[in-house]
Amino acid sequence: MSVYSKLENKWNRLWQKAGVYEPLLSLPKGKSKSSVIRKPFYNLMMFPYPSAEGLHIGGVRTFSGVDIFGRFKRMQGLDVFEPIGLDGFGIHSENYALKIKKHPMKLAKVTEKNFYRQLGAIGNGFAWNEHLETYDPEYYKWTQWIFVQMFNRGLAYRKKMAVNWCPSCKTVLADEQVISGECERCIANVVKKDLEQWFFRTTKYAERLLTDLEKIDWPEPIKIAQRNWIGRSEGASIKFSITTSQFSIEVFTTRPDTLFGATYLVLSPEHALLRNNGLGVKNYEEVKKYIEKAKSRSLEDRAEAKEKTGVELSGVYAINPANKEKIPIWVADYVLAGYGTGAIMAVPAHDERDFEFAKKYKLPIRQVIAPKFSEIVNPPRPEKSTIHRKTVHVILRRLTDDKILMLQWKGKVWGDNPPRTFIIGGVEDNEDAVKSAEREIWEETGYKNVRFVRKLNFEVHTEYFAAHKDENRYAEINILYFEVDSDDHGEVSSEEIQKHDPVWVNEKEVASFINVVDGPFIWSWFKNGDKAYTSSGATINSEKFSGTDSETAKWEITKFVGGERKTQFRLRDWLISRQRYWGPPIPMIYCPACAEASAGKENAGWQAVPEEDLPVRLPFVKNYQPKGTGVSPLAAQEKFYKVRCPKCKAWARRETDVSDTFLDSAWYFLRYIDPKNKKEIFSKALAKKWLPVNMYIGGAEHAVLHLLYVRFITKVFKDWGVIDFNEPFKKFRTHGLIIKDGSKMSKSKGNVVSPDFYFKKFGADAMRMYLAFLSPLDQGGDFRDAGISGLTRFLTRAKNISKKLARTLKEKLPEDSEIFLHQSIKKITGDIENLRYNTAISQLMMLLNGLEELSTVPWGAYEIFLKLLAPFAPFLAEESYQSFKKNKSFKKEHSIHLAPWPKFDTKKITAADFDMVIQINGRVRATLKASVGINQAAAEKLARADANVKIYLVGKTPRKIIFISNRLINFVV
RNA sequence: GCCCGAGUGGUGAAAUUGGCAAACACGCACGACUCAAAAUCGUGUGCCUCACGGCUUGUGGGUUCAAGUCCCACCUCGGGCACCA
């Protein structure tokens with residue numbers, strides 16, 4: 001047994017015995033105890049799901065990191081509740097059991113023991129009395145209870161649809177558990193499978209899940225991830241009638257303003273109208289084949305397909321309700337079944353995906369939105385009339401040197417700044433664009449032998465005030481490209497020469513040469529165009545809506561075609577069933593007799609297990625391996641599934657799927673406050689006292705998994721009146737990931753760092769400090785043990801300094817040490833509050849360095865030092881503290897961990913002097929001691945007296961003197 | 001492709017939010033103690049220069065008396081989302 005473990009065991013025992021870390025959970029009866037006045041503080045670490053392999057060092061860092069905060073809050077006088085337990089049910093545990101060929105039920109016992117042993121060694125102030133495990137029937141009884149409530153209150157339903165299926169885990173998965181087409185647990189490619197499953201109506205809470213994000217103190221990236229996941233978008237649903245049938249196709253679009261540009265429709269392969277050829281498609285065999293093929297592709301395949309594919313439905317057309325045009329209908333798997341109506345109107349000119357598809361299948365592309373610019377230098381004046389003109393912008397390239405011809409205008413043509421533009425001009429009534437371009441080139445530059453190459457299939461609009469005509473101009477710009485082989489050109493009229501000079505510009509400099517607002521856009525579109533323009537602008541080619549702002553046109557066009565304004569969410573309902581063994585059985589019974597009576601209704605024939613019959617115990621099943629047939633291993637257990645219907649008593653069948661592990665972890669924080677309650681899920685009174693959680697710390701990887709599910713369950717509970725708050729965690733912070741040799745720790749890579757060895761070798765105090773000192777908590781880092789010795793040295797010195805303690809209690813610190821002590825209290829307090837443990841420890845080190853320089857250390861200062869150290873190094877701090885306190889027997893109130901946190905005295909924080917920096921032209925030329933609060937005149941005098949400063953100032957009068965109080969003075973010469 | 005986050009000594013990192021860049025550590029070098037080593041203690045340690053001094057926060061430009069910090073462009077790495085109409 002090492003020296004460390006001896007000390008650690010001693011204190012763990014004494015703390016446990018005295019109940020140092022047990023909060024006063026229940027409401028006070030009477031007012032005898034001092035703890036009555038302590039305010040509750042719920043300090044929680046994201047629910048761990050350990051495997052039998054045990055914790056790795058990264059986990060330990062987070063645990064101790066959370067604990068440092070908890071200890072700090074406890075010393076600040078709060079009644080800190082820091083519970084611990086484990087999330088042992090679920091695929092992660094079961095997969096591991098499968099891998100090592102052990103039964104998960106037996107393995108859980110081993111894991112639990114090992115996990116609690118490891119946690120016991122890291123010196124955390126856990127409330128061990130309230131521990132819980134999700135596979136404990138006393139716990140999952142209530143997980144099942146939640147399911148029953150969900151069912152009874154219409155939030156759980158059964159539905160057959162294409163769901164995510166992991167072929168490796170042999171179960172379905174929720175959308176959140178499919179990461180880029182791969183299973184969250186095993187990285188296998190997920191496929192779609194038609195199965196009947198249980199769902200929770202998370203979508204009913206989409207709006208609240210989104211808006212309540214504003215009310216919580218969470219890291220912004222996590223909020224962004226949730227917002228994106230919920231994916232609220234506003235648009236319209238629009239109906240397209242079909243030539244061959246009375247059906248119509250409804251689409252959802254966020255861009256109804258582009259309706260006139262919709263040149264075809266696309267249905268997803270799973271679309272209902274395709275199921276039995278209800279549309280009377282002539283090539284149905286071909287369509288069917290395509291649908292089959294699309295369904296068999298994995299999600300990843302579908303998403304990463306390099307090229308979009310599709311099949312046109314022949315003989316069937318839709319009518320564009322805006323312009324009554326007959327447009328083709330396609331089936332393609334780039335349209336998703338699960339979003340909107342599973343059908344889209346395709347606007348290739350203004351949607352990248354449609355554009356790509358239209359290019360491939362040669363479908364028409366029609367621009368209906370033009371980018372619109374307003375000149376910044378001379379914007380249109382609202383009081384003036386506006387003249388609309390069709391114009392051309394000509395890009396002329398000289399092939400001999402690859403330069404582009406541009407115009408440098410003279411004088412105040414349009415505004416104060418002479419513009420630099422392409423060759424521009426208006427299109428006359430009797431002209432086409434090419435003709436007028438040729439004319440403009442000739443008139444403005446004298447070039448005649450130019451060759452027209454192409455006209456961009458893209459229009460740009462710009463409005464400006466034309467000063468010489470005293471009117472606003474609205475230009476509808478066509479972009480034309482010409483080439484010329486030589487520099488031969490004719491005379492330019494003097495009239496034109498007065499207006500502008502032609503300038504040949506290098507291709508690279510074109511964008512910067514132009515100084516009109518639309519120029520750079522036109523140039524870049526010319527260079528990189530031939531793509532969809534997806535922003536807003538002015539509506540064109542849209543009959544009577546042409547010319548309106550596209551944002552306004554959105555709702556006008558929707559109204560015009562009888563469409564409906566609609567909000568869509570990307571979020572989908574939570575698929576809760578799992579075809580696995582290691583989870584809480586879903587507490588439902590299917591009765592064929594009852595089903596007949598209520599045929600056609602939602603959940604027909606399904607009864608919830610009566611509450612008094614809960615829990616539905618998970619039986620010990622020897623062959624627990626997943627079957628892969630779409631049912632769980634429990635489906636082979638007749639003794640389990642054969643039951644009487646709770647309603648009609650006929651023979652019925654119990655649901656054999658289990659629920660998603662994420663349900664277990666979605667409510668655990670509520671049970672912690674009352675884990676032994678047999679009558680109810682938890683006491684409402686206790687919930688009122690302890691919840692919501694004050695500080696929650698966990699991994700960012702759960703941004704849209706656990707962290708979304710908990711919020712959902714919390715809102716549901718609030719609606720049921722079980723709790724009175726909407727959000728589970730007021731404050732949430734992420735921790736960084738500890739990696740090893742540049743990659744995540746994993747057994748397969750063989751780079752897992754086990755804490756056991758290090759804790760034994762260096763002790764919990766040194767390890768806690770080392771892990772905290774590494775980097776700020778929210779940052780990760782590469783684990784290397786090189787730096788541990790620094791912390792070990794520090795702790796040894798911290799202990800040894802007690803040898804220098806003053807004889808009498810009255811001795812005080814010298815003044816400057818006293819100031820530094822108070823500065824340190826302030827710094828450390830603030831740093832811990834913000835989880836910046838690394839700088840807090842650095843300050844502790846400086847404080848110790850300072851104390852070591854004294855010949856004797858006053859007891860008061862040492863006590864403060866120990867208290868500041870206590871959250872980081874709980875054992876050493878307690879040991880040293882107690883050896884001076886000399887209590888006869890250790891009691892709860894004796895512990896340093898319940899002693900009041902040191903307070904700093906604001907008056908003692910500022911020193912009398914500071915180092916004033918003297919700069920000449922921003923360069924430091926001297927630093928001088930000056931008294932705090934010195935004014936500019938005095939500072940200047942002091943600075944000028946310095947020899948080095950004199951050298952730089954001799955014979956010069958400063959143009960400017962910048963004086964920053966209590967910091968610096970800068971002479972600008 | 002889109003959205004975040006980050007680039008600072010040999011290493012982990014710090015910098016009161018625009019005010020002395022590299023605090024605090026690790027490592028390294030030298031010294032003390034020691035027969036010796038470890039441990040411990042002391043000194044030094046961004047780069048160039050014998051020095052005076054100059055240069056330095058991914059690259060280039062800008063704003064400012066003053067930029068790691070603000071603005072523009074670009075490069076690299078990490079993370080998340082990914083046909084969401």
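In this text the structure is predicted, and so the values were computed from the model without any measurement. Below, chain A is the first sequence line, B the second, and so on; all start at residue 1.
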Check your understanding: Charged N to carboxylate O below 4.0 Å: is that the case for A/Arg227 and A/Glu220?
Key ->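 Answer for the salt bridge query: yes.
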Notebook entry, point to check: Do A/Ser64 side-chain atoms and A/Val60 backbone N/O form a donor-acceptor pair below 3.5 Å?
Noted result: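 It does hold such a pair.
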Which of the following nucleotides, [options], is nearest to the side chain of [X]?
X        : options             : answer
A/Ile179 : B/C81, B/A85, B/C24 : B/C81
A/Phe252 : B/G19, B/A85, B/U40 : B/A85
A/Arg793 : B/A14, B/A85, B/U40 : B/U40
A/Val335 : B/A66, B/A82, B/A85 : B/A85
A/Arg923 : B/C3, B/G54, B/C41  : B/G54
A/Met846 : B/C24, B/C20, B/C4  : B/C24
A/Gln779 : B/A13, B/C81, B/G19 : B/A13
A/Pro776 : B/C65, B/A85, B/A14 : B/A14
A/Asn849 : B/G19, B/C24, B/G27 : B/C24
A/Asp915 : B/C20, B/A23, B/G54 : B/C20

* To do: Please assess A/Trp574 against A/Phe199 for the test ring pair (Phe, Tyr, Trp, His ring centres under 6.0 Å), listing each intermediate value before the final yes or no.
  => CA-CA 5 Å; A/Trp574 182 4; A/Phe199 293 88; over 10 Å; no
What is the distance from [atom1] of [X] to [atom2] of [N], rounded to the nearest Å?
X        : N     : atom1 : atom2 : value
A/Ile961 : B/C65 : CD1   : P     : 15 Å
A/Ile964 : B/A67 : CD1   : C1'   : 14 Å
A/Met769 : B/C24 : CE    : P     : 16 Å
A/Leu968 : B/A67 : CG    : C1'   : 14 Å
A/Met845 : B/G12 : CE    : C1'   : 12 Å

Separation of the [atom1] atoms in [N] and [M], to the nearest angstrom:
N     : M     : atom1 : result
B/A21 : B/U56 : C1'   : 9 Å
B/C41 : B/U76 : P     : 47 Å
B/A15 : B/C20 : C1'   : 11 Å
B/U59 : B/U8  : P     : 10 Å
B/C28 : B/C74 : P     : 44 Å
B/U16 : B/U69 : P     : 13 Å
B/A22 : B/C47 : P     : 14 Å
B/G5  : B/G10 : P     : 28 Å

Classify the nucleic acid contact of [X] as base, sugar-phosphate or nothing, counting any heavy atom under 4.0 Å across all strands shown.
X        : result
A/Ile344 : base
A/Asn228 : nothing
A/Phe773 : base
A/Arg797 : sugar-phosphate
A/Thr796 : nothing
A/Gln919 : base
A/Gly340 : nothing

Pairing check on [N]: which nucleotide meets the Watson-Crick or G-U wobble criteria with it, both distances under 3.5 Å?
N     : value
B/U34 : none
B/C20 : none
B/A14 : none
B/C50 : none
B/U76 : B/A6
B/G27 : B/U45
B/C70 : B/G62
B/A39 : none

Could you write out each protein N or O paired with an N or O of nucleotides 15-18 of chain B at a distance under 3.5 Å?
from, atom 1, to, atom 2, distance (Å)
B/A15, OP1, A/Arg836, NH2, 3.3
B/A15, OP2, A/Arg836, NH2, 3.1
B/U16, N3, A/Arg967, NH2, 3.1

With a 4.0 Å cutoff (strictly under), does any side-chain N or O of [X] reach OP1 or OP2 of [N]?
X        : N     : result
A/Ser233 : B/A85 : yes
A/Thr734 : B/G79 : no
A/Arg570 : B/A82 : yes

**Chi-based syn or anti call at B/U17, which uses purine or pyrimidine torsion atoms and a 90° bound** =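 Syn, which is what one calls it when the glycosidic angle falls within 90° of 0.
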Under the rule syn = chi within 90° of 0, otherwise anti, which is B/G27?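 Anti, since the glycosidic angle lies more than 90° from 0.
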task: Determine, stepwise, if the pair A/Lys554 / A/Glu551 fulfils salt bridge (charged side-chain N to carboxylate O under 4.0 Å, His left out).
output: CA-CA 5 Å; A/Lys554 265 186 186 172; A/Glu551 285 303 313; 3.6 Å; yes
For [X], which residues count as a side chain to side chain donor-acceptor pair (under 3.5 Å) partner, sequence neighbours excluded?
X        : value
A/Glu701 : none
A/Tyr361 : none
A/Lys827 : A/Asp831

- Query: Among A/Gln568, A/Glu250, A/Glu564, A/Lys566, whose side-chain hydrogen bond (donor to acceptor under 3.5 Å, both in side chains) with A/Ser237 holds?
  - Reply: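 Single side-chain hydrogen bond (donor to acceptor under 3.5 Å, both in side chains) partner of A/Ser237 among A/Gln568, A/Glu250, A/Glu564, A/Lys566: A/Glu250.
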Practice task
Give me the ring orientation class for A/Phe357 and A/Tyr334: parallel if the planes are under 30° apart, tilted from 30 to 60°, perpendicular past 60°.
Solution key: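 Rings of A/Phe357 and A/Tyr334: tilted, 30 to 60°.
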Q) If you find the nucleotide of RNA chain B closest to A/Arg959 and the one closest to A/Ser842, which residue's nucleotide is nearer the 5' end? A)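 With A/Arg959 and A/Ser842 compared, the 5'-side residue is A/Ser842.
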Check: Among side-chain atoms of A/Asn838 and A/Ser775, is any donor-acceptor pair under 3.5 angstrom?
Finding: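 Their side chains do not contain a donor-acceptor pair, so the 3.5 Å distance test is not met.
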### Message
Once salt bridge (charged side-chain N to carboxylate O under 4.0 Å, His left out) is applied, what residue pairs with a partner in residues 957-973 of chain A remain, sequence neighbours excluded?
### Response
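Passing the test, one end in residues 957-973 of chain A: no pairs.
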Check: Who passes ring pair (Phe, Tyr, Trp, His ring centres under 6.0 Å) against A/Tyr290, sequence neighbours left out?
Finding: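 Not a single residue meets the ring pair (Phe, Tyr, Trp, His ring centres under 6.0 Å) criterion with A/Tyr290.
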